[in-house]
4 protein chains.
Amino acid sequence: MTSSASGRPLRADALRNRAKVLAAAEEVFAVQGTSASTEEVARKAGVGIGTVFRHFPTKESLLEAVLVALLERLAAEAEGLRSADDAGEAFFGFFTRVVAQAATKRAVTEALAEAGVDARAATGRTGTGLQAALGVLLERAQEAGAVRADVGPAEVMALLAGMSYAAGRAGAHEDVLTFAFDGLRPRP
Amino acid sequence: MTSSASGRPLRADALRNRAKVLAAAEEVFAVQGTSASTEEVARKAGVGIGTVFRHFPTKESLLEAVLVALLERLAAEAEGLRSADDAGEAFFGFFTRVVAQAATKRAVTEALAEAGVDARAATGRTGTGLQAALGVLLERAQEAGAVRADVGPAEVMALLAGMSYAAGRAGAHEDVLTFAFDGLRPRP
Amino acid sequence: MTSSASGRPLRADALRNRAKVLAAAEEVFAVQGTSASTEEVARKAGVGIGTVFRHFPTKESLLEAVLVALLERLAAEAEGLRSADDAGEAFFGFFTRVVAQAATKRAVTEALAEAGVDARAATGRTGTGLQAALGVLLERAQEAGAVRADVGPAEVMALLAGMSYAAGRAGAHEDVLTFAFDGLRPRP
Amino acid sequence: MTSSASGRPLRADALRNRAKVLAAAEEVFAVQGTSASTEEVARKAGVGIGTVFRHFPTKESLLEAVLVALLERLAAEAEGLRSADDAGEAFFGFFTRVVAQAATKRAVTEALAEAGVDARAATGRTGTGLQAALGVLLERAQEAGAVRADVGPAEVMALLAGMSYAAGRAGAHEDVLTFAFDGLRPRP
DNA sequence: CATGAATGAGTGTTCATTCAT
DNA sequence: TATGAATGAACACTCATTCAT
């Protein structure tokens, strides 16, 4: 992520530009959807259109980089909860915060969906990072008796993606999450 | 749906063409997403591009017609289950079939999401048709003790949309539905 | 004008339709310019689009028919002044009224321009009707000493078209006509 | 005119292309009328269609640029005559040359008509440039006794537009101008 | 390396014209 | 004969991508 395709490390200013473009893309795509133009991203980033294409040779690669960055941030957050005191609270709290984010950032939902696909495909792609971290939270919550034992990480990812999608559209997320969480808890 | 905007009924051949276009649009948008071109729809329908625009004056109106048609079909199916013997089976079975459909037809998910929004907005739009029919199934399932009492139609719609989305992407639908359904069942 | 291209006289209702279309076209083109659609004309006339094309096989032919009708009306008015008492007043008054009409009806200007071209081309087309009638008014005004002798009908037509155009755009017609008329009067 | 909308000066090659497009547009619109297609302009200019739209974001803006360029050229010519020896000759000669140009370039007439409208609207738009320059020629011609005193610049503009229109259609310009000019001269 | 001008295939949409009903 | 549905070429305009500066 910090070096060009040629393998050579990027110069400091090039790296800075890459970051600026990525940040701009994240915001532009969040607000206008993924159909926003690359030109718009360049404008927001304060660089020329050519610079955008130098760092991300196609629009698709730019899109993917945005999703990857999002997933990495989520994975980092999940990893930070790895040794939280209350394992149930850690799991459900993380789940809730992700869904809340998705309610405003459409890209989050797309990232989750793609992460699920990637993880399934066992390609070792970035999505796996989140799924692995989430898997740890899940396992600890199961050991603590907060989550039923017959749930796997893939199912949690799918549920996360689905709830995030629903949150972005219908807006009924809070209430719905209640039921979804009850479905994950051990039957009394 | 069977008459032009002017109120006059369409000629038999015009009606046939309208249906052909709608069917083609449904398929094209399902496969290629809503960014598929109107030309593609015309080609698939075997009509000229002008014919598509005669029946649906903008691409947006064509898109909406597709969604409306989908929702109407779902609503009709739900209504047909209104007096099924096993109310729980009727409710959960319908839910399952919708999600299964969504796994292959991306448009179904979009229709559900939009239906949720419409219903929320309390407009007399089409989405309400499905939500109302679904509401009946829900109520009967609740009376039969198959679904917990504190769930409303809006929450069910949101859950339906979310699970449909997840089904289309992650593919883990069957297992995930198990948990979601458990969340809807009365706590023992 | 009262028979179809095949030479056979039109049925009464067909004739009525032709007139309706012509009237509608005149109004539509006056308001929206000649780029108005044929469909619009049909709508205004209360007939199907096919009927418009049956009577006027191309849009151009419809346009020309409108111009011809306008010119015929002007020619008729000019002919009515053929034996007016004050020949100068007849000539200048007619000129003034045409320009006033043109200020609101753009088609009048176009008709005059085309009439001028036609007359020049000596094709014996309709434009000549107006030019001939105007020629009579001119001659009588010259005999009465109200217009200088070295002016011909073609020049008057050109001046009429030019002033009509100016009237439609700049709006300064009244004042400008004063000078144009002075230019036509005999030098004292 | 020599810088983009963003205020930054254009690169040399961009400037060259802009000029090529403008020149091509001028010719294409002169020959085929303003309904000529933008593609045609691009083809004539030897650039891609995208280049045309980069410099002139809508067809209307291209059209306006053509008219503005024409008016500026005319205004410059008029200003060059500001201190000519024979003020009457300067005024009438300029008038004559404009009309002669209009006989072949339809766009000239449209430019004049629009200039008249602009000037009337008292906006600081380009049309005023020509009217002002023409006003100087007019005043000097009036002081020299070559033009009657009760004529204003607006009337001259209207007459200029009208005569230009007539010249483009009927072709009788020379003779007609004689009478129009006599109308502007002081009554003996 | 950064820039932004140039490119041109592709899009939604219109409209004169044809022809089956 | 009248109708209006069907047609498809044409249009203005967009945008991802390339490349000379």
Side-chain angles (χ1 to χ4, degrees), chain A residues 4 10-11 13-14 17 35-43 46-62, chain B residues 4 6 8 10-18 21 35-42 46-62, chain C residues 4 10-11 13-14 17 35-43 46-62, chain D residues 4 6 8 10-18 21 35-42 46-62:
Chain A
S4 74
L10 291 176
R11 271 168 27 185
D13 57 342
N17 267 344
S35 68
S37 80
T38 320
E39 194 94 37
E40 187 70 29
V41 172
R43 196 152 37 235
V47 303
I49 181 76
T51 303
V52 174
F53 275 89
R54 163 164 290 270
H55 288 291
F56 307 95
T58 65
K59 185 183 180 179
E60 206 191 329
S61 71
L62 174 58
Chain B
S4 74
S6 71
R8 199 201 303 245
L10 288 177
R11 260 160 42 181
D13 57 342
L15 214 71
R16 221 170 15 247
N17 267 343
R18 208 197 111 99
V21 168
S35 67
S37 81
T38 321
E39 282 275 352
E40 188 68 31
V41 172
V47 303
I49 182 68
T51 302
V52 175
F53 277 91
R54 162 167 278 266
H55 288 290
F56 307 95
T58 63
K59 187 185 178 180
E60 206 191 330
S61 72
L62 174 57
Chain C
S4 74
L10 290 176
R11 273 169 26 187
D13 57 343
N17 267 345
S35 67
S37 79
T38 319
E39 194 94 38
E40 188 69 30
V41 171
R43 196 154 36 235
V47 304
I49 181 75
T51 304
V52 174
F53 275 89
R54 164 165 291 271
H55 288 291
F56 306 95
T58 64
K59 186 183 180 180
E60 207 191 328
S61 71
L62 174 58
Chain D
S4 74
S6 71
R8 201 202 301 246
L10 289 176
R11 259 160 42 182
D13 57 343
L15 214 72
R16 220 170 13 250
N17 267 342
R18 208 196 111 101
V21 168
S35 68
S37 81
T38 320
E39 289 262 2
E40 188 68 31
V41 172
V47 303
I49 183 68
T51 301
V52 175
F53 277 92
R54 162 167 277 266
H55 288 289
F56 306 96
T58 63
K59 187 185 178 179
E60 206 191 330
S61 71
L62 175 57

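The listed nucleotides are E:dT3, F:dA2, F:dA6; the one nearest the side chain of A:Val47 is E:dT3. Candidate nucleotides E:dC1, F:dA6, F:dA2 were compared by shortest atom distance to the side chain of A:Arg54, and E:dC1 ranks first.
Atom OG of residue B:Ser35 and atom CD of residue B:Glu40 lie 11.0 Å apart, to the nearest 0.5 angstrom. With values rounded to the nearest 0.5 angstrom, C:Thr51 atom OG1 is found 8.0 Å from C:Arg54 atom CZ.
Across the protein-nucleic acid pair, B:Leu62 atom CG and E:dT11 atom C1' stand 14 Å apart, rounded to whole Å. Taking atom CZ of C:Arg43 as the reference point, atom P of E:dA16 lies 11 Å away to the nearest angstrom.
In terms of heavy atoms, C:Ala42 sits closest to C:Val52 at CB-CG2, 3.7 Å.
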B/S/- contact track for nucleotides 11-21 of chain F, protein heavy atom under 4.0 Å:
SSBB-SBB---
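Within the structure, a side-chain polar atom (N or O) of A:Thr51 is placed less than 4.0 Å from OP1 or OP2 of E:dT3. Applying the 4.0 Å criterion to OP1 and OP2 of F:dT1, one finds that C:His55 has every side-chain N and O outside that range.
Scanning for side chain to side chain donor-acceptor pair (under 3.5 Å) contacts around D:Glu39 gives an empty result, with sequence neighbours left out.
For the pair B:Thr38 and B:Phe53, the minimum side-chain heavy-atom distance is below 4.5 Å.
Checking D:Gly46 against A:Asn17, the closest nucleotide of DNA chain E that is more toward the 5' end is the one next to A:Asn17.
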In dot-bracket form, 5' to 3', how is DNA chain F paired? Count Watson-Crick and G-U wobble pairs only if both distances fall under 3.5 Å, and write | where the partner sits on another strand.
.||||||||||||||||||||
